[in-house]
Amino acid sequence: QVQLVESGGGLVQAGGSLRLACAASGRTFSSRAMGWFRQAPGKEREFVASISANGYREDVADSVKGRFTISRDNAKNTVYLLMNSLKSEDTAVYYCAAGNSPSLSDYGGSFGSWGQGTQVTVSS
């Protein structure tokens with residue numbers, strides 16, 4: 001089991017930027033794909049981005065493509081989500097998740113460990 005702690009959320013104006021970080025415990029971080037998901041009030045959780053265990057492959061949702069970038073530092077057991085050109089519709093609780101395999105995925109069921117989430121609020 002991997003324990004995950006997100007940080008970096010907050011209130012930002014539309015057009016601004018935030019960088020989320022997710023610190024993982026345990027020795028298996030570098031063998032797991034990592035992902036970011038989000039859930040807005042009254043909506044279902046949705047995929048945002050994922051990155052393979054070695055960091056060579058990435059996938060981002062169409063809704064954030066060109067604005068959000070996922071990256072990881074396996075030496076620091078940390079995955080990041082850089083969010084630029086934020087919009088009001090990006091407002092949500094953002095969750096970090098550790099995959100059950102090294103391969104990236106956009107399916108929540110492929111991720112076995114989840115963080116508590118960090119709130120991102122974008123004001124228009």
Sorted by chain and number, sequence neighbours left out, side-chain hydrogen bond (donor to acceptor under 3.5 Å, both in side chains) with Ser105 holds for Ser110

Give a yes or no on this: more than 12 heavy atoms of other residues, nucleotides or ligands lie within 6.0 Å of atom CD of Gln39.
yes

Shortest non-hydrogen contact from Leu81 toward Ala49
CD1-CB, 4.2 Å

Using a 4.5 Å side-chain heavy-atom cut-off and chaining through intermediate ILVMFWY residues, the residues clustered with Leu11 come out as none

Under the side chain to side chain contact (heavy atoms under 4.5 Å, CB included) test, which residues partner Ser103, sequence neighbours left out?
Ser101

Hits for side-chain hydrogen bond (donor to acceptor under 3.5 Å, both in side chains) against Lys87, two or more places apart or cross-chain, chain-then-number order -> none

Does Lys76 have any salt bridge (Lys or Arg N to Asp or Glu O under 4.0 Å) partners at least two apart in sequence or in another chain, and if so, which?
none

How far apart are the closest heavy atoms of Ser124 and Ala14, and which atoms are they?
CA-CB, 4.2 Å

Sort and list the pairs that fulfil ring-ring contact (aromatic ring centres under 6.0 Å, His included) and have at least one residue in residues 84-111, not counting sequence neighbours.
Phe37-Phe111

Residue pairs, two or more places apart or on separate chains, that pass side chain to side chain donor-acceptor pair (under 3.5 Å) and touch residues 9-27
Ser17-Asn84

With side chain to side chain contact (heavy atoms under 4.5 Å, CB included) as the test, pick out the partner of Cys96 among Val2, Val79, Val5, Leu20.
Val79

Here the salt bridge (Lys or Arg N to Asp or Glu O under 4.0 Å) pairs for residues 48-57, sequence neighbours left out, are none

Partners of Val12 by side chain to side chain contact (heavy atoms under 4.5 Å, CB included), sequence neighbours excluded?
Leu18, Leu86, Val122

Does any pair with a residue in residues 39-55 pass salt bridge (Lys or Arg N to Asp or Glu O under 4.0 Å), and if so which ones, sequence neighbours excluded?
Arg38-Glu46

How would you list, by chain and number, every residue that makes a side-chain hydrogen bond (donor to acceptor under 3.5 Å, both in side chains) with Asn74, sequence neighbours excluded?
Arg72

Just jot down the side-chain hydrogen bond (donor to acceptor under 3.5 Å, both in side chains) partners of Thr78, sequence neighbours excluded, or say none.
none

